[in-house]
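See structure below.
The first residue of the sequence shown is numbered 1, and numbering continues consecutively from there.
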Amino acid sequence: SCLVAEFHMRRAIGFHLVQSYLPTILIVVISWVSFWMDVDSVPGRTTLGVTTLLTVSSKSSGIQAGLPQVSYVKAIDVWMGACTAFVFCALLEFTLVNYLWRRRPQMELGSRGGSNGTCLAERYAHITTHTHPHKSPAAPIPSPTQVKITQTGGSTVVTTPSSTPAGSSHMHKSGTSPGHEDSTHVTAQFVRAIKQSNKIKARQIDEYCRGLFPLLFGVFNVIYWCYYML
């Protein structure tokens, strides 16, 4: 006969929960505050992103200093790596949004659309063209990003809601080259349309990230705790 004893041990995670997990969760949540700040608030969002990234990095170093060196990946290593990745992605998101906000439309016109914006006109499907011998009829006011091209007596005039009301006629000044003036109007209006479109995209990315980052972090928590606790 023999005596068999089985010992079931369970690690108490209360200390690590208070000292490691909760502080890092708060740091990750604080990094999401930048999504509710203005896009042009560069100093505030940059300071918040860099500060949270440095804080989570120093926290990870402090935790690793108090743990033994082993050859395998620990649960705390996975957690700190994921938290660092979330904070870093929030900082990258601000970089992308700020680039779209400050993007220069002239560079895109020069590289893709040329000086008269011909290629850019093909990219905007909502542009409408009207051909009349003398004047253009009254039309509904388009959206702020729409551009209307009207041909009057062989020359082209571009109008937007902010520059000319619907139903008005456009005349070239005497002594000015019609082709040069029309090319300048086309370029200016396309630059405004592209700049406004980029700002709208930047704001939309911030709005999407307000819900996407918490959702992904919640999914990660579910998978993490189910894998290491069950």
Check: Can Val29 and Trp32 be said to form a side-chain contact (heavy atoms from CB on, under 4.5 Å), step by step?
Finding: CA-CA 5 Å; Val29 173; Trp32 299 340; 4.0 Å; yes
Checklist line | Criterion side-chain contact (heavy atoms from CB on, under 4.5 Å) on Val222 and Cys226, from CA distance to verdict | finding: CA-CA 6 Å; Val222 172; Cys226 290; 4.2 Å; yes
Check: Given Lys199 and Asp40, is the side-chain contact (heavy atoms from CB on, under 4.5 Å) satisfied, shown in steps?
Finding: CA-CA 10 Å; Lys199 290 185 176 182; Asp40 55 352; over 6 Å; no
Next item on the list: Apply the test side-chain contact (heavy atoms from CB on, under 4.5 Å) to residues Ile63 and Met80: give CA-CA distance (whole Å), side-chain angles for both, the deciding distance (0.1 Å), then the verdict.
Entry: CA-CA 9 Å; Ile63 293 174; Met80 296 306 302; 3.9 Å; yes
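Note on Leu215: it does not cluster hydrophobically with Val28, by side-chain heavy-atom contacts below 4.5 Å among ILVMFWY residues. A continuous path of ILVMFWY side-chain contacts below 4.5 Å connects Tyr227 to Tyr224, so both sit in one hydrophobic cluster. In terms of hydrophobic clustering, with Ile, Leu, Val, Met, Phe, Trp and Tyr side chains grouped at heavy-atom distances under 4.5 Å, Val42 and Ile205 are assigned to different clusters. The hydrophobic cluster containing Val87 also contains Trp36, counting ILVMFWY residues as joined when their side-chain heavy atoms lie under 4.5 angstrom apart, directly or transitively. Hydrophobic clustering (side-chain heavy atoms under 4.5 Å, transitive across Ile, Leu, Val, Met, Phe, Trp, Tyr) keeps Ile223 apart from Trp225.
With contacts defined as side-chain heavy-atom distances shorter than 4.5 Å, the pair Val4/Cys2 qualifies. Within the 4.5 Å cutoff, side-chain heavy atoms of Phe88 are placed close to those of Leu53. A heavy-atom distance below 4.5 Å is not found between the side chains of His16 and Ile76. Contact check for Tyr99 versus Phe94: no side-chain heavy atoms found under the 4.5 Å cut-off. At least one side-chain heavy atom of Arg10 sits under 4.5 Å from a side-chain heavy atom of Met229. Using a 4.5 Å cut-off on side-chain heavy atoms (C-beta onward), Leu96 and Lys201 make no contact. Side-chain contact between Leu216 and Phe86 is present, with heavy atoms from C-beta onward closer than 4.5 Å. Side-chain contact between Phe35 and Glu93: present, with at least one pair of heavy atoms (C-beta onward) separated by less than 4.5 Å.
Nearest heavy-atom pair across Ala90 and Ser31 is CB-O, 4.1 Å. Summarising the geometry of Pro214 relative to Cys209, their closest heavy-atom pair is CD-O, 3.8 Å, with the distance given to 0.1 Å. Considering every non-hydrogen atom in both Lys59 and Ser20, the closest pair reads CE-CA, 4.4 Å. Summarising the geometry of Thr52 relative to Gly49, their closest heavy-atom pair is OG1-O, 2.9 Å, with the distance given to 0.1 Å.
Other residues, nucleotides and ligands contribute more than 12 heavy atoms inside 6.0 Å of the OH atom of Tyr21. The environment of OH in Tyr208 is sparse: at most 12 heavy-atom neighbours from other residues, nucleotides or ligands sit within 6.0 Å.
Proximity of a side-chain donor or acceptor of Thr47 to a complementary backbone N or O of Gly44 within less than 3.5 Å is not detected. Without hydrogens or angle criteria, Ser60 side chain to Val56 main chain gives no donor-acceptor distance under 3.5 Å.
Between Phe213 and Phe217, the gap from one ring centroid to the other reaches at least 6.0 Å. Between Trp79 and Phe220, the ring centre distance stays below 6.0 Å.
Annotation: the span from Gln204 atom CD to Leu100 atom CG amounts to 10.5 Å, rounded to 0.5 Å.
Residue Tyr72 shares its hydrophobic cluster (ILVMFWY side chains chained together at separations under 4.5 Å) with Val70. When hydrophobic side chains of Ile, Leu, Val, Met, Phe, Trp and Tyr are connected at separations under 4.5 Å, Met37 ends up clustered with Ile30, Val33, Leu48.
With respect to Lys74 and Asp77, a salt bridge is recorded, a charged nitrogen being found less than 4.0 Å from a carboxylate O. Using a cut-off of 4.0 Å between Lys/Arg side-chain N and Asp/Glu carboxylate O, Asp206 and Arg45 are scored as salt-bridged.
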